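Notes follow the structure.
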Amino acid sequence: ESIKDIFSKMKENGWDISQALKWGFFFVSHKEDRLKQIYEELKDREYSLESIQRADDEKWILQASKKEILAPEKLHKRNIAFNELAEHYDSKYERWDVGRN
């Protein structure tokens, strides 16, 4: 329900959610190579690499993005799939964000 609420608020604030938006997805790991492995899977699905950078002495962050139209249900399913993907690589799917193109 919270994803549906976010989409409703976006629409109320003038976002055209029927058009492609730039969706960002963030993964965290203690090992940079794990994030590179995650990105190898994502790039096959037409995601762009925004960055892989050190967050602090112990963590690395991967940000990948994709321009597309997403419905709340599809974003929810993607979050579940990304949690499973991150777990497979001993990492964590941290969050998503969205921006206008």
Side-chain angles (χ1 to χ4, degrees):
E1 288 300 310
S2 65
I3 291 177
K4 287 182 181 178
D5 292 340
I6 291 169
F7 273 74
S8 292
K9 288 178 183 174
M10 288 170 61
K11 198 171 182 180
E12 288 171 15
N13 290 323
W15 289 63
D16 185 354
I17 58 175
S18 68
Q19 297 296 314
L21 298 170
K22 184 176 181 181
W23 297 90
F25 302 95
F26 298 81
F27 297 82
V28 177
S29 180
H30 294 288
K31 297 180 180 177
E32 181 184 18
D33 66 312
R34 297 293 184 162
L35 296 178
K36 288 179 179 179
Q37 291 171 319
I38 290 171
Y39 181 67
E40 284 301 311
E41 290 203 28
L42 295 177
K43 79 175 186 181
D44 291 340
R45 298 181 196 136
E46 300 179 10
Y47 286 84
S48 298
L49 176 64
E50 296 293 330
S51 66
I52 296 179
Q53 59 189 7
R54 186 176 283 283
D56 58 35
D57 288 343
E58 296 181 20
K59 293 182 192 169
W60 289 82
I61 297 176
L62 159 68
Q63 179 184 0
S65 66
K66 187 173 187 179
K67 291 182 183 178
E68 64 182 322
I69 299 169
L70 278 180
E73 297 80 13
K74 189 172 181 180
L75 179 58
H76 176 68
K77 288 179 183 176
R78 181 151 318 154
N79 287 333
I80 292 169
F82 282 174
N83 276 316
E84 292 172 0
L85 176 64
E87 187 175 303
H88 178 75
Y89 289 103
D90 193 30
S91 300
K92 181 183 174 202
Y93 170 58
E94 189 170 71
R95 64 184 177 89
W96 59 270
D97 69 10
V98 63
R100 300 175 202 237
N101 291 322

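Keep in mind that this is a model prediction, so the values were computed, not measured.
- Ionic pairing of Arg45 and Glu41 is present here: one or more N-O contacts between side-chain nitrogen and carboxylate oxygen are shorter than 4.0 angstrom.
- Counting heavy-atom neighbours within 6.0 Å of Glu68 CD, excluding the residue itself, gives a total above 12.
- Linking ILVMFWY side-chain heavy atoms closer than 4.5 Å, directly or via other members, places Leu62 and Leu85 in a single hydrophobic cluster.
- Judged by distance alone, with hydrogens and angles left aside, the side-chain atoms of Ser29 form a donor-acceptor pair with the main-chain N or O of Lys31 at under 3.5 Å.
- Within 6.0 Å of NZ in Lys66 there are more than 12 heavy atoms belonging to other residues, nucleotides or ligands.
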For this session: Show your working on side chain to side chain contact (heavy atoms under 4.5 Å, CB included) between Gln63 and Leu49 and close with a plain yes or no.
Result: CA-CA 6 Å; Gln63 179 184 0; Leu49 176 64; over 6 Å; no

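- Note that NZ of Lys4 and OG of Ser2 are 10.5 Å apart. Values are rounded to the nearest 0.5 Å.
- Contact check on Lys67 versus Glu46 returns no salt bridge, with no Lys/Arg side-chain nitrogen under 4.0 Å from an Asp/Glu carboxylate oxygen.
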Problem set entry | Trace of the side chain to side chain contact (heavy atoms under 4.5 Å, CB included) decision for Ile52 with Trp60 | CA-CA 7 Å; Ile52 296 179; Trp60 289 82; 4.1 Å; yes

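- In the hydrophobic clustering of this structure, Ile6 groups with Leu70; members are Ile, Leu, Val, Met, Phe, Trp, Tyr whose side-chain heavy atoms approach within less than 4.5 Å, directly or through other members.
- Phe27 and Trp96 end up in the same hydrophobic cluster when Ile, Leu, Val, Met, Phe, Trp and Tyr side chains are linked at under 4.5 Å.
- In this structure, Tyr89 contributes its side chain and Asp33 its backbone to no donor-acceptor pair below 3.5 Å.
- Environment of CD in Glu58: sparse, with no more than 12 heavy atoms of neighbouring residues, nucleotides or ligands closer than 6.0 Å.
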Problem set entry | side chain to side chain contact (heavy atoms under 4.5 Å, CB included) between Trp15 and Phe7, worked out | CA-CA 9 Å; Trp15 289 63; Phe7 273 74; over 6 Å; no

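- A salt bridge does not link Glu40 to Lys36: none of the charged side-chain nitrogens sits closer than 4.0 Å to a carboxylate oxygen.
- Judged by the 6.0 Å distance and 45° axis criteria, Arg95 is positioned over the aromatic ring of Phe26.
- Each of Val98 and Ile61 belongs to its own hydrophobic cluster when Ile, Leu, Val, Met, Phe, Trp and Tyr are linked at side-chain heavy-atom distances under 4.5 angstrom.
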